[in-house]
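In the text below, chain A, chain B and the rest are named by the order of the sequence lines, each starting its count at 1.
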2 protein chains.
Amino acid sequence: MVDLKTQEEARLNKALELLHFGFRAITSHPDERLAALGYSRVHHRILYFIGRHPDSSINGLLEVMRVSKQYLHRPLKRLVNDAYVSMRTDPRDRRSKRLKLTAKGARLEASLTGEQRRQLAEAFRRAGPEAEQGWRQVMALIAGEQS
Amino acid sequence: MVDLKTQEEARLNKALELLHFGFRAITSHPDERLAALGYSRVHHRILYFIGRHPDSSINGLLEVMRVSKQYLHRPLKRLVNDAYVSMRTDPRDRRSKRLKLTAKGARLEASLTGEQRRQLAEAFRRAGPEAEQGWRQVMALIAGEQS
DNA sequence: GCGTATAGGTCAACTATATTGACATATTAC
DNA sequence: GTAATATGTCAATATAGTTGACCTATACGC
């Protein structure tokens, strides 16, 4: 009686652990590489979001990243200085600036998330297409449940 | 030509986002509940690990949690004071202490990860057993690849 | 019994990450 | 010309977590 409930709970606990350790395994690699370059996770997030939303303004980037202007400022400035990100005044509204990855920035970003894609692709390859399909379905349902 | 590669990359990017948003969706709930109780994520982690490794010593807990003794001290002390965790001297070695969840602590822990289990169970239920199986396979492969 | 190792407790200083407040400049809109 | 918008920057603060230093109590080897 109790056993059924306990067993089901143990299965779900196992799934929770898989999620935690899987997430950690995927995120730990880039963290180390970034650290080696003297950057931190914010820098990666900035590269990631600019890569996926090119031509964003600063305000636009702030919104998708959900951090404060003051916090974004330093790392973004550094990325611009190091020529990973280009910042150009918008000709139609000279108050705002448009952000893009430079070729150098795109290479770095690709190499960082590239490691993550490699890990995922390897797991998908070994598990097979049906397992991948199931994984995507379940993850989409989890992610879709709003907080 | 390029298209094949780009398409594959986009699929993997999508998977990466699923992982990130899924993880966030699962972890955001308990964070809010904890905050309402005046606790933080460490408190939850302590409850979680003691729940899964009952009768650990302080050192044992430090090892599984991978935090410093000094950092563990305050939140653990508070949890003991608030009667969520019991701390008893080991009779066989009176230097060390054995940690356990009290009934109250077990209830809190169950209610916190219970919300997470509920979310997972709901996703599994909607996706079906085959998708669940695939999800577990893929997650295990991801988690298993050591950093 | 004595010295040493182990388990734990506690204070203080420090780093990293991130936020809020306050204020400045440049540009655009009305 | 005035108000609103976009950005830049300084300073103070909050939170999470670390390291160093030093303390007590107990166990273990001899």
Side-chain angles (χ1 to χ4, degrees), chain A residues 20 24 27-28 30-50 53 55-82 85-100, chain B residues 20 24 27-28 30-50 53 55-82 85-100:
Chain A
H20 273 91
R24 183 181 301 182
T27 51
S28 68
D31 281 1
E32 287 166 21
R33 288 232 17 224
L34 256 340
L37 289 173
Y39 289 137
S40 70
R41 207 174 281 192
V42 214
H43 297 86
H44 188 191
R45 294 224 298 143
I46 293 174
L47 292 174
Y48 179 87
F49 282 114
I50 295 182
H53 304 275
D55 284 315
S56 288
S57 66
I58 303 269
N59 260 331
L61 186 59
L62 288 175
E63 273 171 37
V64 289
M65 289 189 59
R66 300 192 155 275
V67 295
S68 63
K69 177 177 66 165
Q70 294 89 332
Y71 179 53
L72 180 67
H73 183 247
R74 267 169 190 274
L76 178 57
K77 197 173 167 188
R78 233 193 106 195
L79 287 171
V80 171
N81 262 316
D82 296 354
V85 171
S86 78
M87 200 163 79
R88 294 190 5 253
T89 302
D90 182 336
R92 283 179 308 272
D93 183 343
R94 296 168 39 78
R95 288 172 304 182
S96 78
K97 309 199 171 160
R98 297 292 147 187
L99 301 167
K100 266 186 200 158
Chain B
H20 273 91
R24 182 181 301 183
T27 51
S28 67
D31 281 2
E32 287 166 20
R33 289 234 13 226
L34 255 340
L37 289 173
Y39 289 138
S40 70
R41 206 174 282 192
V42 214
H43 297 87
H44 188 190
R45 293 224 298 144
I46 293 173
L47 291 174
Y48 179 87
F49 281 115
I50 295 181
H53 305 275
D55 285 313
S56 287
S57 65
I58 301 269
N59 260 330
L61 186 58
L62 287 175
E63 274 171 36
V64 288
M65 289 189 60
R66 300 193 155 275
V67 294
S68 63
K69 176 176 67 162
Q70 294 90 329
Y71 180 51
L72 180 67
H73 183 246
R74 268 168 189 274
L76 179 57
K77 197 174 168 188
R78 235 193 105 196
L79 287 171
V80 170
N81 263 316
D82 295 354
V85 170
S86 78
M87 200 163 80
R88 293 190 6 253
T89 302
D90 182 337
R92 283 180 307 272
D93 183 343
R94 297 170 37 79
R95 287 173 305 181
S96 79
K97 308 196 171 164
R98 297 292 147 186
L99 300 167
K100 266 185 201 158

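If you check every strand for non-hydrogen atoms under 4.0 Å, B:R74 touches nothing. Residue-level contact check: B:K69 touches the bases, meaning some heavy atom is under 4.0 Å from a base atom. Among the protein residues, A:S96 comes within range of the sugar-phosphate backbone only, with heavy atoms under 4.0 Å from sugar or phosphate atoms but none that close to a base. Within the 4.0 angstrom heavy-atom criterion, only backbone atoms of the sugar-phosphate kind lie near A:M87; the bases stay farther away.
Tested against B:D90 for a side chain to side chain donor-acceptor pair (under 3.5 Å), the candidates B:R95, B:K97, B:R98 yield a single pass: B:R98.
Note on B:H73: a side-chain N or O is less than 4.0 Å away from OP1 or OP2 of C:dT10. For the pair A:N59 and D:dT7, the criterion of a side-chain N or O lying under 4.0 Å from OP1 or OP2 is met.
In this model, no side-chain donor or acceptor of B:Q70 finds a partner on the base of D:dG17 within 3.5 Å. Taking only distance into account, the side chain of A:R94 never meets the base of C:dT27 through a donor-acceptor pair shorter than 3.5 Å. With hydrogens and angles ignored, a donor-acceptor pair closer than 3.5 Å exists between the side chain of A:R95 and the base of D:dT5.
Ranked by how close their nearest DNA chain C nucleotide is to the 5' end, A:R92 and B:L76 are led by B:L76. Each of A:P91 and A:R45 was matched to the nucleotide of DNA chain C holding its nearest heavy atom; the match closer to the 5' end belongs to A:R45. Across the interface with DNA chain D, nearest-nucleotide mapping of A:G60 and B:L72 shows A:G60 to be the residue nearer the 5′ end.
Using bins of under 30°, 30° to 60° and over 60° for the plane-to-plane angle, the ring pair A:F49/A:H53 lands in the parallel bin.
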